Structure formats: C-alpha cells, structure tokens
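Heads up: the structure comes next, in structure tokens.
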Amino acid sequence: MIWENNNDIRLIECANEKRTIQRHLNECREERRPYVFVTNTMTVKTLRRLLVPVSMLEEETYKAEICTYLARKTGAHIILLQANDYGSHARQNVNRIVTHIRSVSERTGVEISYEVVLAKKDSFGLIREASERQRDFQHDLLILTASRDYGLDDILFGPPERKAIQRALVPVMLVNPREDLFSLCD
C-alpha cells in the first residue's frame, strides 16, 4: 500500500518479499522526495535514534537535510556511521553533514544531538554492516541513499538497498541521489 496523501515523505507499506520490494524501488527511481519502506517484519517506534551510514559518495551529503530535519522535529539522536575507508571522502562527507547539523542548530536554537561512529567496513560494505549491527545501534529509522544506477550485479542479485530493507528490523528511509531534491519546509 502506498500512502500518496503525504506531500513531504512517501510511505510504502508492503510485504517483506524480494519482488514486492523491488517493484516499489523501481517505481520510486525518479522520486524527488524521501520515501520510507515499512514491511510486515519491521517494528515501528517513536523516533529516538536515527542511523545514517555515510560512504565516500558525494550524494551521501543529501541526507544531511533530512536527518537534521527529523532530529530537530522529533528530538531524535543522529548516529553517523562513517565508512572505514583508506581515503578521506567518507570523513569529508561526515564533516559536511556535521557542519549542516551545527548550522541548523545555531540558526534555530534547537539542540540537535549526534555522534560519529567509525564503521568496521569500507564504503562498499557499509550498508551491509548497518543492517547487521542493528542491535548494536538500537535505532528507530535507517536512512540510506538509493543506488545511482543499477549495474549488472544489482539487476542479477538485487541492489543493496533492497537487501537492507529485507534485513531491517525498523523502517528504512531512502533518498534518491538527485541534485533537484525535494526540500522539506517548516
């Protein structure tokens, strides 16, 4: 079931089945606003902790606005899971997100709590680690960036976001890597 009456975030409620999830992922490929998957195997709770994996890809910074907005409105704590890469791109992306969090906090006067946790895996295994360590972080929402394009391995074996949705114990929010993203309003 897709809830279309919400203008800011698209909510997708579906069964935890590969084909069903993939069909909805395909439908949302051009979506400008964030979309949340809730399957029949997930537990929906009040937002207290948001898990935001941050890899080396530049589009990871698009999640800054969304996680900051959610944290400011709900009082949730943000956990930035930084990829353990050899280079500095993941660290730079985390620094950009932290700068955004601090500037919004100063501008609005609302304290936004966050922490940066260094992952055990690199950018290529980050989504898998976030899925496997769900009990460690005890988060209530997982915020991921959707794949830019589906490669041959994504077509044959499934994209990483589908696997994360299937393994997730809590709802998963996806943000498409687009430069003309929908901006949340106050």
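Note that this is a predicted model, so its numbers are computed, not measured.
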### H89 atom NE2: more than 12 heavy-atom contacts under 6.0 Å
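Count not over threshold, so no.
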Taking [Y]'s backbone N and O only, do any of them form a donor-acceptor pair with [X]'s side chain (distance below 3.5 Å, no angle check)?
X	Y	value
N93	L57	yes
Q134	L169	yes
N40	A15	no
S105	V110	yes
E60	A90	no
R49	F137	yes
T61	E58	yes
D122	D85	no

Are [X] and [Y] side-chain neighbours, meaning at least one heavy-atom pair lies under 4.5 Å?
X	Y	result
H139	V170	yes
L174	F37	yes
R167	K163	yes
I9	M173	yes
N16	M42	no
Y86	M56	no

### Task
Identify the residue among T74, V44, L70 that makes a side-chain contact (heavy atoms from CB on, under 4.5 Å) with L141.
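Filter result, single survivor: L70.
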### Query
Does a donor on one side chain sit under 3.5 Å from an acceptor on the other, for R23 and N26?
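N26 and R23 do not have a side-chain donor-acceptor pair below 3.5 Å.
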### Query
Does the pair E106/R102 count as a salt bridge with the N-to-O cut at 4.0 Å?
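So E106 does not pair with R102 through a salt bridge.
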### Query
Would you call K121 and E132 a salt bridge, using N to O less than 4.0 angstrom?
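The answer is yes: the pair qualifies as a salt bridge.
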#### Entry: Transitive ILVMFWY side-chain link I101 to V94, under 4.5 Å
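Same cluster.
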